[in-house]
Number of protein chains: 2
Amino acid sequence: MSAIRGGSRARTRQAILDAAIEVLARNPAAPLGDVAAAADVGRTTLHRYFAERGDLLAALREEAGRRLGEARDRARLGDDSGASALRRLCQEFFDLGDVLSLLFREQVAVDGEGCDENFEAMVRRGYEDGSVDPELPPIWLQSLMWSQLYAGWHYVTECQVSRHEALRLILRCVDGAVTPR
Amino acid sequence: MSAIRGGSRARTRQAILDAAIEVLARNPAAPLGDVAAAADVGRTTLHRYFAERGDLLAALREEAGRRLGEARDRARLGDDSGASALRRLCQEFFDLGDVLSLLFREQVAVDGEGCDENFEAMVRRGYEDGSVDPELPPIWLQSLMWSQLYAGWHYVTECQVSRHEALRLILRCVDGAVTPR
DNA sequence: CCAGAGTGGAACATCGATGTTCCACTCTGG
DNA sequence: CCAGAGTGGAACATCGATGTTCCACTCTGG
């Protein structure tokens with residue numbers, strides 16, 4: 001029954017996606033064989049789920065976007081002061097782990113034009129409630145946040161630092177950067 | 001005379017290196033043909049100067065390291081307060097332009113163990129003169145600086161922002177992050 | 001002008017990643 | 001047990017990047 005075996009298919013697919021996030025976060029040009037190996041799956045099987053590299057990448061973007069959206073929802077950008085909401089957003093995004101590295105390049109680049117509208121609204125609220133320095137434009141704050149998150153994640157994976165400690169430093173620095181003089 | 005034509009050789013070599021910095025900063029996996037084209041040079045000629053891709057990358061690292069060292073020297077890390085010196089360093093590094101992107105990944109990663117000793121001395125001076133928050137370890141400040149620089153450089157190349165404006169935001173945010181509460 | 005350095009293009013061999021095909025194997029629901 | 005889904009390995013064709021060779025061309029110092 002495909003309905004029953006479907007569970008197995010979904011599990012394999014997810015294992016491949018998870019492995020792809022892990023492997024491609026470290027090396028975006030990694031061969032598919034490495035992804036398959038990390039997923040404990042034959043290369044043949046990987047191709048059965050994602051015919052071409054582009055198919056895998058597309059699914060990956062979708063998965064990353066999904067997780068990103070969930071994290072943003074959890075941060076409740078509409079509550080509290082602008083700066084508090086930004087803190088929560090950093091916290092939630094930081095927990096995305098490897099997805100961060102994967103998103104980093106695109107995120108910084110993609111948002112060149114219009115930055116996320118929820119994010120922008122949050123920042124504008126911060127201008128008004130006095131928790132965010134009006135000198136700092138929303139797009140810049142978005143770049144700032146992402147680069148801090150990336151630096152923090154690197155700090156965790158490369159140095160011998162706990163996620164908690166890294167998050168503390170990130171929040172300390174984002175706060176400092178954002179607060180009006 | 002090789003001494004005379006040597007000038008031509010040096011010029012061609014430099015043109016290739018400059019092109020490589022530009023091309024590989026945007027796409028580290030770019031084919032050598034792209035680099036040759038950007039340098040206005042035949043692929044054959046490129047191989048005449050750098051037999052293998054690795055040779056080009058090695059020369060590139062050397063060139064980048066040289067420029068990085070020069071920038072650090074210009075920043076006179078030993079003068080003024082720790083925070084002022086850090087400002088100058090950001091300023092000098094930011095002017096490296098494309099070299100930034102090239103160095104970024106390595107820099108953040110490479111300095112995992114021991115971070116630059118001059119940098120560390122500068123930060124410790126900042127702890128003592130009260131211009132740098134002692135809660136922030138030197139390695140973290142190094143990551144912070146690099147990620148800010150990278151974000152700023154992206155901001156310039158992707159959005160329609162002047163280098164000057166981006167630098168202002170970088171310094172504003174680094175200052176805010178570093179200053180003790 | 002001429003010799004020789006420096007160059008670019010064409011052609012080629014090689015290599016690794018990619019994607020496909022086929023077959024034998026395993027595992028599970030019935 | 002048995003049918004069929006799901007899988008992995010081996011073998012293969014293809015493709016793009018790499019690196020090499022060779023030859024004709026240009027340019028400059030003498």
Side-chain angles (χ1 to χ4, degrees), chain A residues 1-64 98 101-102 104-106, chain B residues 1-64 98 101-102 104-106:
Chain A
M1 296 283 96
S2 87
I4 294 172
R5 306 298 298 192
S8 162
R9 282 195 66 84
R11 245 175 294 121
T12 303
R13 191 186 133 94
Q14 194 57 48
I16 293 173
L17 282 180
D18 290 343
I21 289 173
E22 193 187 314
V23 171
L24 297 180
R26 290 180 215 306
N27 172 19
L32 296 183
D34 290 5
V35 175
D40 255 317
V41 148
R43 201 165 62 86
T44 312
T45 300
L46 188 150
H47 273 105
R48 213 168 266 132
Y49 284 82
F50 305 99
E52 301 183 5
R53 186 177 240 273
D55 297 333
L56 176 60
L57 294 184
L60 217 53
R61 261 190 293 274
E62 198 187 343
E63 171 78 7
D98 273 331
S101 324
L102 214 56
F104 183 64
R105 285 178 201 84
E106 296 200 42
Chain B
M1 297 284 95
S2 88
I4 295 171
R5 307 298 298 191
S8 162
R9 282 195 65 84
R11 245 176 293 121
T12 304
R13 192 187 132 94
Q14 195 56 49
I16 294 173
L17 282 180
D18 290 344
I21 288 174
E22 193 186 316
V23 171
L24 298 181
R26 292 180 214 307
N27 172 20
L32 296 183
D34 290 5
V35 174
D40 255 317
V41 148
R43 201 164 62 85
T44 312
T45 299
L46 188 150
H47 274 103
R48 215 168 264 131
Y49 285 82
F50 306 97
E52 300 184 6
R53 186 178 241 273
D55 298 332
L56 177 60
L57 295 185
L60 217 53
R61 262 190 291 274
E62 199 187 342
E63 171 78 6
D98 273 332
S101 323
L102 214 57
F104 182 64
R105 285 177 201 86
E106 297 199 41

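In the text below, chain A, chain B and the rest are named by the order of the sequence lines, each starting its count at 1.
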Taking every non-hydrogen atom, the tightest pair across A/I16 and A/A39: CA-CB, 3.9 Å
Nucleotide of C/dT7, C/dG8, D/dT7 approaching A/T12 most closely (side-chain heavy atoms): D/dT7
Distance (rounded to the nearest 0.5 Å) between B/R13 CZ and B/D18 CG: 11.0 Å
Pairwise 5' ranking along DNA chain C for A/H47 and B/R43, keeping only the more 5' one: B/R43
Closest to side chain of B/L32, choosing from D/dG19, D/dG8, D/dT20: D/dG19
Minimum heavy-atom distance between A/H47 and A/A51, given as atom pair plus value: CD2-O, 3.1 Å
Nearest heavy-atom neighbours spanning B/A20 and B/L60: CB-CD1, 3.8 Å
Close residues, residues 53-62 of chain A, relative to DNA chain C [heavy-atom separation under 4.0 Å]: A/R53
Derivation and outcome, side-chain contact (heavy atoms from CB on, under 4.5 Å), residues B/F50 and B/L17: CA-CA 10 Å; B/F50 306 97; B/L17 282 180; 4.0 Å; yes
Touch class at under 4.0 angstrom, heavy-atom based, for A/Y49 against every strand present: sugar-phosphate
Length of the line joining B/F50:CZ and D/dT18:C1', which is rounded to integer Å: 16 Å
Considering only nitrogen or oxygen atoms on both sides, find all protein atoms under 3.5 Å from nucleotides 22-26 of chain C and state each distance.
none

Pair pattern of DNA chain C in dot-bracket, where unpaired bases get dots and | marks partners in another strand, Watson-Crick or G-U under 3.5 angstrom: ||||||||||||||||||||||||||||||
Heavy atoms from other residues, nucleotides or ligands near CD of A/E62 exceed 12 (cutoff 6.0 Å): no
Heavy-atom pair of closest approach, residues B/V23 and B/A38: CG2-CB, 3.6 Å
Sugar-phosphate only, base, or nothing, as touched by B/D34 at under 4.0 Å among non-hydrogen atoms: nothing
Minimum-distance nucleotide (side-chain atoms of A/T45 versus C/dT7, C/dA17, D/dT7): D/dT7
